Amino acid sequence: MSILVTGGAGFIGSNFVLEWMATHDEPLVNLDKLTYAGNRDNLISVQDDPRYRFVRGDIGDRSLLVRLLREHQPRAVVHFAAESHVDRSIIAPDAFMQTNVMGTFGLLEAVQEYWEGMNRDLRDGFRFLHVSTDEVFGSLKENDPEFDEYSPYRPNSPYAASKAASDHLVRAYHHTYGLPTVTSNCSNNYGPYQFPEKLIPLVIHRARSGQLIPVYGDGLQIRDWLHVSDHCAALRRMLAVGEPGAVYAVGGSAQRTNVQVVEALCALLGEARPGVDYFSLVRTVKDRPGHDRRYAVNASRTMDLLGWAPQETFASGLRRTMQWYLDNNEWVSRVTTGAYREWMDRQYPASLV
Ligand code: NAD
Ligand code: DAU
């Protein structure tokens with residue numbers, strides 16, 4: 001048997017693929033469209049492995065999906081492929097609806113048909129693992145309890161709304177057709193291979209090149225950070241023991257304001273590369289429209305059911321992540337040319353760029 005991964009050339013997907021190939025004998029097929037966020041360089045270390053197959057393609061391409069499912073007969077699909085950046089969804093939401101909603105719908109249709117055709121033993125063991133986000137639950141106030149599996153859906157950005165729609169589709173395909181789905185709603189990830197449009201790699205990249213660091217609004221918005229390797233470990237447990245129809249809330253129990261994150265990064269960079277006052281680079285910029293104030297996840301049920309717990313503290317994970325970006329400057333240089341510069345010009349004030 002094998003597993004089919006979508007979006008495996010992106011940030012979380014490539015971490016998942018690399019860890020899978022290092023720890024499992026089972027072949028893996030990676031279907032990725034290679035949008036601006038997908039990068040085959042991430043996977044150079046496995047590209048010649050006979051157990052690994054990369055296919056460039058769109059999850060919206062139904063005939064490609066049917067062909068891949070027939071050819072590789074996967075026992076599971078792990079669905080990462082998505083447009084994932086909130087700021088881009090505010091400026092250009094179309095691609096989010098196309099990939100996150102219609103793409104997930106097309107994938108479910110193809111997988112459903114494939115699953116119906118499997119023999120009974122294999123059907124029971126099959127899983128469609130949908131990788132979703134805590135953003136579908138909206139925004140918490142300062143003293144609200146954390147999100148969990150029972151939180152109501154209140155998506156606020158076009159990105160969150162598109163992911164919420166995909167969660168509902170996944171739920172419906174389980175409820176109506178019996179497709180053995182598992183959904184993960186995870187908090188903010190950080191770690192190696194994250195595209196430097198997201199807060200943590202953006203701050204590292206800009207600070208170390210002496211560029212100003214943009215903080216939206218008052219910078220007191222709160223996110224709950226989880227190292228990507230801990231998220232991938234939770235996903236592997238879901239594949240192994242997740243019950244059909246199950247939903248798991250995943251988080252790092254590491255709530256930090258954006259200012260705290262930025263200051264921690266400036267301090268770490270100051271240790272690694274003394275001589276520059278990185279704190280002096282921080283600038284407040286216009287807030288994100290509709291900016292969610294606080295995300296936080298109560299993962300205790302997930303920890304009990306999956307026998308999983310984060311291994312990385314925020315302090316250790318951030319230090320490791322900083323070191324990865326310092327050691328992989330070439331990777332950063334390659335992904336911050338062309339289209340990246342256009343995005344920065346569009347998103348940030350001229351005084352910053
Ligand atoms: P990413 O933007 O880094 O990567 C997305 C990948 O999907 C890219 O490789 C891209 O080329 C591919 N892709 C996009 N559209 C596609 C299409 N139509 N067909 C095939 N491939 C396509 O995203 P990420 O941060 O790695 O997130 C992965 C998944 O995890 C997403 O579904 C996201 O919603 C979810 N998630 C992310 C976080 C986070 O903090 N990054 C947290 C929770 C959940
Ligand atoms: O909660 C999970 C979500 O986390 C995922 O579903 C998304 O795919 C992922 O992008 C992430 O969304 P956020 O919007 O929380 O992540 P981002 O890194 O874009 O921003 C984190 C916080 O930092 C947010 O409050 C906005 C703020 N920010 C971000 C950028 C890029 C700034 O203050 N300045 C910036 O330049």
Side-chain angles (χ1 to χ4, degrees), residues 5-17 30-40 42-43 55-61 64-65 78-90 95-96 98-100 102-104 106-107 130-137 139 147 157 159-160 162-163 166-167 184-191 193-203 206 212-226 228 231 235 250-251 256-259 261-262 282-288 291-297 343-344 347-348 352:
V5 169
T6 73
F11 162 48
I12 305 175
S14 52
N15 278 282
F16 182 88
V17 169
N30 178 9
L31 170 65
D32 196 297
K33 187 179 173 182
L34 296 183
T35 67
Y36 78 93
N39 188 350
R40 282 190 80 178
N42 303 358
L43 299 161
V55 179
R56 184 173 190 173
D58 194 320
I59 54 165
D61 181 344
L64 172 63
L65 289 175
V78 188
H79 178 34
F80 294 98
E83 290 293 333
S84 70
H85 191 33
V86 173
D87 292 322
R88 287 183 192 257
S89 84
I90 294 168
F96 289 74
Q98 210 50 54
T99 287
N100 301 1
M102 292 309 293
T104 301
L107 182 63
H130 177 54
V131 183
S132 192
T133 166
D134 61 353
E135 297 207 22
V136 297
F137 304 126
S139 183
F147 299 130
S157 69
Y159 163 69
S162 69
K163 290 297 290 187
S166 69
D167 291 11
S184 158
N185 292 105
C186 185
S187 65
N188 286 61
N189 282 214
Y190 67 100
Y193 302 112
Q194 188 167 30
F195 194 68
E197 63 183 355
K198 307 279 170 70
L199 181 69
I200 288 179
L202 180 121
V203 171
R206 290 187 68 89
L212 299 176
I213 300 168
V215 172
Y216 296 162
D218 64 7
L220 298 180
Q221 303 81 9
I222 291 172
R223 299 292 183 265
D224 178 352
W225 295 96
L226 179 70
V228 64
H231 184 192
L235 293 171
V250 183
R256 298 287 187 281
T257 65
N258 293 336
V259 166
V261 171
V262 170
V282 178
R283 291 290 180 283
T284 295
V285 299
K286 188 163 68 67
D287 208 351
R288 174 185 278 176
H291 200 169
D292 282 340
R293 197 67 184 164
R294 175 177 165 236
Y295 304 145
V297 172
W343 166 250
M344 295 304 286
Q347 173 66 8
Y348 295 95
L352 220 97

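Just so it is clear, the model here is predicted, and its values are computed rather than measured. First listed ligand is number 1; within each ligand, the first listed atom is number 1.
Legend: residues meeting side chain to side chain contact (heavy atoms under 4.5 Å, CB included) with Arg288, ordered by chain and number and at least two apart, are His85, Val86, Asp87, Ile90, Tyr216, Arg223, His291. Take Arg56 and apply the salt bridge (Lys or Arg N to Asp or Glu O under 4.0 Å) test, not counting sequence neighbours, and it matches no residue.
Looking at heavy atoms from C-beta onward, Val259 lies out of side-chain contact with Val282 at the 4.5 angstrom threshold.
Near ligand 2, heavy-atom contacts under 4.0 Å come from Ser84, His85, Val86, Thr133, Asp134, Glu135, Tyr159, Cys186, Ser187, Asn188, Glu197, Lys198, Leu199, Leu202, Pro214, Val215, Tyr216, Gln221, Arg223, Asn258, Arg288, His291, Tyr295, Tyr348. Within 4.0 Å of ligand 1, contacts by protein heavy atoms are made from Gly7, Ala9, Gly10, Phe11, Ile12, Asp32, Lys33, Leu34, Thr35, Ala37, Gly38, Gly57, Asp58, Ile59, Phe80, Ala81, Ala82, Ser84, Thr99, Val131, Ser132, Thr133, Tyr159, Lys163, Cys186, Ser187, Asn188, Asn189.
Using a 30° and 60° split on the angle between ring planes, Phe147 and Phe137 fall in the tilted class, from 30° to 60°.
The distance from atom OG of Ser166 to atom CZ of Phe96, rounded to the nearest 0.5 Å, is 12.5 Å. Distance CG/Asn188 to CD1/Ile200: 8.0 Å, rounded to 0.5 Å.
Although no hydrogens or angles enter the test, the distance criterion places a donor-acceptor pair under 3.5 Å between the side chain of Asn100 and the main chain of Glu83. In this structure, the side chain of Thr257 does not engage the main chain of Ile222 through any donor-acceptor pair within 3.5 Å.
For the residue pair Asn189/Asn15, the side-chain donor-acceptor check at 3.5 Å is not satisfied.
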